[in-house]
Amino acid sequence: MAVERMAGHLIRRLHQVSTQVFNQHMQAAGYDLTSVQFAALDAIAANPGVDQARIAGLISYDRATIGGVIDRLEQKGLVIRKTSPKDRRAKEVSLSPEGEAIIGPLFALVESLQPEILLGLDHAEREVFMTLARKALLASGTRPSKPQV
């Protein structure tokens with residue numbers, strides 16, 4: 001098939017694999033988190049007190065829907081959201097004590113499943129893939145990784 005020679009198709013399929021692997025490992029470990037929720041937790045852990053709009057920017061997520069992601073994390077008891085003393089319209093988000101307790105194990109779990117996403121590639125090939133993926137994202141004007149605030 002012609003689509004199997006198209007980057008977009010392969011990227012879409014690889015995203016499906018990534019999502020499936022992530023969800024299987026999270027479920028097996030007893031966590032109820034999506035990859036977007038994990039990315040938001042990681043951004044919040046690295047930037048305590050960050051506002052919701054900045055979280056969206058850090059994880060390259062839609063600003064209009066990040067509130068729902070934060071709502072679900074708050075309902076799960078993993079984050080605390082409060083009104084910013086600097087700007088009453090902004091909400092600052094930090095990890096709750098429960099969020100602080102699980103971020104390390106979560107990160108270790110997600111790190112451990114990375115080779116499974118690129119199954120069939122050896123370590124050197126995974127490094128090349130990551131380098132090329134970052135290069136393609138940079139060329140598109142998208143940040144490949146979150147900057148620290």
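No experiment lies behind these values; they were computed from the predicted model shown.
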What I'd like to find out is whether the side chain of [X] reaches to under 4.5 Å of the side chain of [Y], using heavy atoms alone.
X	Y	result
Arg81	Asp71	yes
Ile117	Gln114	yes
Phe38	Tyr31	no
Glu74	Val93	no
Pro85	Glu92	yes
Asn47	Ile55	no

Nearest 0.5 angstrom please: [X] [atom1] to [Y] [atom2], how far?
X	Y	atom1	atom2	answer
Thr83	Asp51	OG1	CG	12.0 Å
Leu121	Met130	CG	CE	11.5 Å
Glu100	Leu41	CD	CG	10.5 Å
Ile70	Lys91	CD1	NZ	12.5 Å
Leu14	Arg12	CG	CZ	11.5 Å
Leu73	Leu95	CG	CG	9.0 Å

Using a 3.5 Å distance criterion without hydrogens, assess whether the side chain of [X] forms a donor-acceptor pair with backbone atoms of [Y].
X	Y	result
Ser96	Ile80	no
Glu127	His123	no
Glu125	Asp122	yes

**Q.** Evaluation steps, side chain to side chain contact (heavy atoms under 4.5 Å, CB included), between Gln37 and Lys76
**A.** CA-CA 11 Å; Gln37 291 170 350; Lys76 293 173 185 185; 2.9 Å; yes
In terms of hydrophobic clusters joined by side-chain contacts under 4.5 Å, are [X] and [Y] together?
X	Y	value
Phe129	Val21	yes
Val36	Phe107	yes
Val17	Leu10	no

Which heavy atom of [X] sits nearest a heavy atom of [Y], and at what distance?
X	Y	result
Pro115	Ser112	CD-O, 3.5 Å
Met26	Leu33	CG-O, 3.9 Å
Pro48	Ala46	CD-C, 3.6 Å
Val69	Tyr61	CG2-CE2, 3.7 Å
Leu113	His25	CD2-CB, 3.6 Å
Ala39	Ile59	O-CG2, 3.4 Å

Atom [atom1] of residue position [X] - does it have more than 12 heavy atoms of other residues, nucleotides or ligands inside 6.0 Å?
X	atom1	answer
His9	NE2	yes
Gln27	CD	no
Arg63	CZ	no

Q. Side chains of Gln16 and Arg13: donor-acceptor distance under 3.5 Å anywhere?
A.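 On atom types as modelled, these side chains qualify, holding a pair under 3.5 Å.
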